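Per chain, numbering begins at 1; letters A, B, ... match sequence-line order. Only a predicted model underlies this, so the values are computations on that prediction, with no experimental measurement involved.
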Amino acid sequence: MNPLKPSAMAAIIKVFLLAIASALIVWMIYVAVLASDWIVAGTLSVILIGANVVYFSKKAVASKFLFPGSVLLVIFVIVPIIYTAWMSVYNYKTGNEITKDAAITQLHQVGLVPDPSGTSYDMVLGHYNGQDAVLLTNQSTHEVSIGLKDKLTVLSAGSFTTDANQKAVTATGFTADTPAQIAQANTWLSAFMVPAGNDLYISPQGTDVAALMHEKFQFNADNTKIVDTVGGITYVDNGNGNFVGQKDATAVLYPGWRQFNPAQNYVGLLTDPKLNGPLLGVFIWTISFAFISVLMMWALGLTLALAMDKKIRFRAFYRGVLILPYAMPSFMSILIWAGIFNVNYGALNNLLGIHVDWLNDPWLARLVILIVNLWLGFPYFYLISTGALQALPTDIEEAAEIDGASGSQIFWRIKLPLIFQILSPLLIGSFAFNFNNFNLIYLLTKGGPIDILNGQTAGATDILITYAYKTAFGGNDQNLGLACAISVIMFVIVGALSMWSLKRSRVLEEM
Amino acid sequence: MKIRKSGIAASVAAIATAAMLAVSVPAHAANTTINIWMDDQRGAQLSPVWDGSTTIAPGYTIKITTFSSRDAMVSAWDKATSASGPDMMFDAASSTTDAAKNGKALPIVLTATQKAELPASALGALAYQGVQYGIPMDVDTTTMYWNTKFGKAPKTFAALAATFQKLKKAGKVTTGICAGDGTWGALPVLTALGGGAWGYKADGTPDVSKVLFNSPAFVKNATNLLIDSKTKKGNGLFAWDGWDGCGQSFINGKALAINTGSWRLGAIIDAGIDYTLQPVPSIDGKGTSHQWSGFGGVFGTSYAKDHGVDLGVKAALSYFASQKGALAYATATKRPPVNSKVGSHLSADVAGFANAAKTGLVQENALLGDNAGGANWYDVLASTFTAAFTNGKGVKSSFDKGAAILKVDFADGFSKR
């Protein structure tokens with residue numbers, strides 16, 4: 001038997017799994033097509049074809065391994081990066097989320113307002129002379145009429161019958177819809193407007209009531225200008241996603257739309273004093289926090305790893321205990337620490353009999369952040385340092401001992417450089433992680449303390465990611481375009497620092 | 001080779017099957033299902049009553065989608081598309097106005113009867129740029145729970161302060177009155193001491209030129225009653241760190257009173273606290289304290305039109321605006337109703353909170369949010385309280401600084417309102 005030839009069972013499993021995956025993708029394509037998501041449908045089609053070609057080909061052996069990872073990399077890393085960068089060049093915020101066409105459609109609806117008289121009608125759906133029709137009873141005057149899509153006909157007494165509430169229920173030539181027909185009426189009734197003269201319309205407001213309406217907005221032919229006939233204001237397209245008053249640009253009509261404006265968010269970051277004022281301080285603290293955190297965590301983790309490298313009693317127990325903080329969900333640990341440092345009921349103050357407001361003083365809060373991060377992170381560094389120590393060749397240490405090197409010299413001049421070489425990518429990765437350690441900051445201090453009364457707009461422990469989050473989402477409105485711009489800048493900074501560090505440590509050259 | 005052929009055949013068969021399944025889904029008859037989103041609380045309470053109903057909007061079937069939390073619902077709403085979005089949603093009034101601003105809400109027209117039964121201020125909370133989008137259903141408001149183990153609730157704030165000082169000295173309490181929902185729930189204490197947010201004109205509209213935050217009366221009363229004369233810091237009579245802070249002191253019997261809403265009723269009863277409900281007493285017992293009254297409500301989404309159920313949604317909104325709909329909602333949720341005709345049918349608890357709502361001030365989100373002043377009302381309060389009561393920076397100077405920010409905020413917010 002050829003060992004390379006797949007067994008029949010393996011082939012069956014492969015075909016079965018591929019068939020399931022293919023069926024799921026086809027279903028997703030169908031759903032995407034229904035939602036008119038053509039890009040998604042197209043992408044899924046490419047994946048579907050690609051998967052079948054790769055896994056039924058005998059030649060593309062390497063691709064069989066690379067294909068799933070590549071697809072996931074594209075979907076979960078490349079696409080979000082591109083999308084974030086793309087959205088960063090739009091005016092994309094609360095009030096400017098939908099397309100221009102959708103906004104204009106909505107403004108047409110918003111512009112259809114009740115007549116000041118507040119006239120409303122009881123309504124019966126049905127057919128009149130073969131046409132869709134509504135039987136209307138004016139709730140104030142009890143005048144009865146038949147409404148067609150192009151005509152309103154007032155009925156004379158005797159040509160209709162009413163119920164106890166004086167609501168017309170039947171009329172000559174009018175056939176009321178059955179409940180089943182009413183349920184299907186939305187298709188024609190939704191856009192049904194009965195002209196009532198003087199630019200007024202009777203518009204259904206449900207399946208049994210209608211109201212007298214008029215269009216207060218008049219749109220010009222190319223939808224660049226709207227005249228509010230009630231308010232007497234002319235709105236013009238400001239080129240940035242909104243109709244604004246021609247004379248008073250602060251009069252803004254909503255909804256607006258997402259508008260391509262490549263410079264707005266990036267220029268805003270540089271020129272808006274609310275944004276750029278605290279940016280330098282936040283940036284310095286972000287770098288400091290990430291660097292000090294990694295340094296402390298590595299120092300403690302390595303120290304413990306060196307200690308556990310010796311044969312001591314209960315070593316297995318100690319090793320288990322040391323990784324416990326890592327085993328606990330970090331958000332729980334952070335919330336517990338937040339309670340411990342609480343000024344009023346925190347365990348620390350209670351045990352020490354002091355009244356220190358740990359989280360309300362800028363420097364103490366920063367210290368708390370570093371302590372808690374050390375607690376959360378040292379087990380990871382302990383584990384990787386242990387691994388690195390075990391990977392070191394013992395003959396080098398033995399050779400150094402024979403050459404008369406002391407224990408201290410062996411550690412500082414031989415072990416540490418070798419461990420650093422091994423751990424460099426992980427240290428850089430950890431730096432990048434802490435650069436964006438949103439959970440820790442937000443759950444522990446929310447970026448505070450912040451001295452709002454003296455004009456501060458960023459908290460003492462805010463790092464770039466929390467500052468960006470608060471800037472983009474902290475207020476009444478969400479500024480998604482600005483958040484994307486800040487994310488792009490952070491991506492560039494972290495990417496550049498990581499590449500520089502990797503280059504300096506020459507790790508890539510060794511790989 | 002044999003394997004490849006069979007594999008291809010099986011895969012093609014699977015694809016074909018899925019494709020046939022897809023195309024065999026019947027061409028859409030008119031959609032008659034109205035999908036309503038609710039958070040965990042409302043969903044649990046209202047699903048048994050309304051899910052599957054065919055009478056709320058005749059011809060349509062109500063389908064209630066309940067989320068695990070309000071955050072989960074809001075997150076899903078933010079990401080919703082025409083394919084996935086709801087037809088209606090129950091939430092705080094601000095969700096309606098946000099949706100309107102984003103073009104995701106369905107404009108509606110109210111009948112004269114509906115307008116007569118729903119207060120204009122409540123309707124205004126679910127309107128945007130003069131257009132009505134939603135129906136207000138409940139009032140989110142607070143009142144003072146007094147722990148009766150400390151005797152009867154005092155009639156004046158001065159008496160409350162005296163009781164606190166006596167019991168604090170005896171080591172029986174650590175906190176006087178707790179703002180159980182953070183700075184949002186602090187307004188009754190401010191107003192009881194002669195402060196507040198803004199004044200009101202004769203017609204009831206906010207007078208944003210009159211900022212009450214640092215009024216002389218408040219500064220005087222707060223300095224006398226809330227500050228420890230030795231440390232110059234807060235004496236514990238007033239705490240604002242919310243349910244997880246001073247709220248737990250109340251639960252543990254270490255706070256005299258807590259100002260919070262009906263949503264904490266269950267937890268307080270479960271903790272075995274005997275309480276009475278009343279407004280926070282004013283300084284001399286003559287005036288009345290006030291608290292924010294927010295509104296919860298329901299609105300139709302623009303997706304309803306895409307789904308072909310917009311008229312069904314309007315019919316359902318009409319039901320929710322009616323006495324029948326409002327009573328069903330209030331009975332199931334135990335939330336104080338907005339509809340003025342429903343009160344007499346309610347249980348004592350719900351009626352108690354509905355009564356408390358009468359002293360509420362409309363929570364004007366446009367004024368209280370982040371405006372040109374640089375920070376919103378809630379954050380300004382937190383910073384001011386911290387400066388005055390935690391750091392001992394002085395009541396007058398701290399509240400003056402806060403008032404300067406709020407003055408700009410209120411004026412800016414009022415102009416955009």
Worksheet item: Do Lys305(B) and Ser190(A) have a side chain donor and acceptor closer than 3.5 Å?
Response: yes
Where does [X] contact chain A at under 4.5 Å (heavy atoms): side chain, backbone, both or neither?
X         : result
Ala112(B) : neither
Ser318(B) : neither
Ala57(B)  : neither
Asn365(B) : backbone
Thr390(B) : side chain

Does any N or O in the side chain of [X] come within less than 3.5 Å of the main-chain N or O of [Y], such that one atom is a donor and the other an acceptor?
X         : Y         : value
Gln129(B) : Pro255(A) : no
Asn186(A) : Gly308(B) : yes
Gln106(A) : Ala105(B) : yes

Atom pair [atom1]/[atom2] of [X] and [Y] - distance to nearest 0.5 Å:
X         : Y         : atom1 : atom2 : answer
Asp37(A)  : Ser82(B)  : CG    : OG    : 10.0 Å
Ser203(A) : Lys314(B) : OG    : NZ    : 5.5 Å
Lys101(B) : Asn96(A)  : NZ    : CG    : 8.0 Å
Leu311(B) : Trp188(A) : CG    : CH2   : 9.5 Å

Please classify the contact between [X] and chain B as side chain, backbone, both or neither, with a heavy-atom cut-off of under 4.5 Å.
X         : result
Val252(A) : backbone
Gln478(A) : side chain
Asn454(A) : side chain
Ile29(A)  : neither
Ala102(A) : neither

Practice prompt. Using a cut-off of under 4.5 Å on heavy-atom pairs, state which of Thr207(A), Thr94(A), Ile182(A) scores highest against chain B.
Written response: Thr94(A)
Worksheet item: Taking Asn360(A), Asp451(A), Thr187(A) one by one, which has the highest count of heavy-atom pairs under 4.5 Å against chain B?
Response: Asn360(A)
Under 4.5 Å, counting heavy-atom pairs only, tell me which of [options] racks up the most with chain A.
options                                   : answer
Leu317(B), Thr386(B), Asn102(B)           : Asn102(B)
Thr174(B), Val380(B), Asp310(B)           : Asp310(B)
Gly59(B), Ser383(B), Ala315(B), Gly130(B) : Ser383(B)

Can you find a pair of side-chain heavy atoms, one from [X] and one from [Y], that are under 4.5 Å apart?
X         : Y         : result
Val109(B) : Val209(A) : no
Thr32(B)  : Gln184(A) : yes
Leu453(A) : Thr384(B) : yes

Which donor-acceptor pairs under 3.5 Å do side chains of residues 366-373 of chain B form with protein atoms, sequence neighbours excluded?
unit_1, atom_1, unit_2, atom_2, d
Asp370(B), OD1, Asn376(B), ND2, 3.2
Asn371(B), ND2, Ala366(B), O, 2.8
Asn371(B), ND2, Leu367(B), O, 3.4
Asn371(B), ND2, Gly369(B), O, 3.4
Asn371(B), ND2, Asp409(B), O, 3.3

Taking every non-hydrogen atom, the tightest pair across [X] and [Y]:
X         : Y         : result
Pro107(B) : Gln109(A) : CD-OE1, 3.7 Å
Val131(B) : Val110(A) : CG2-CG1, 3.6 Å
Ala375(B) : Ile452(A) : CB-CG2, 3.5 Å

Discussion item. Please check if the number of heavy atoms outside Lys396(B) that lie under 6.0 Å from its NZ is greater than 12.
Written reply: no
Discussion item. For Lys216(A), I'd like to know if atom NZ has over 12 heavy atoms of other residues, nucleotides or ligands within 6.0 Å.
Written reply: yes
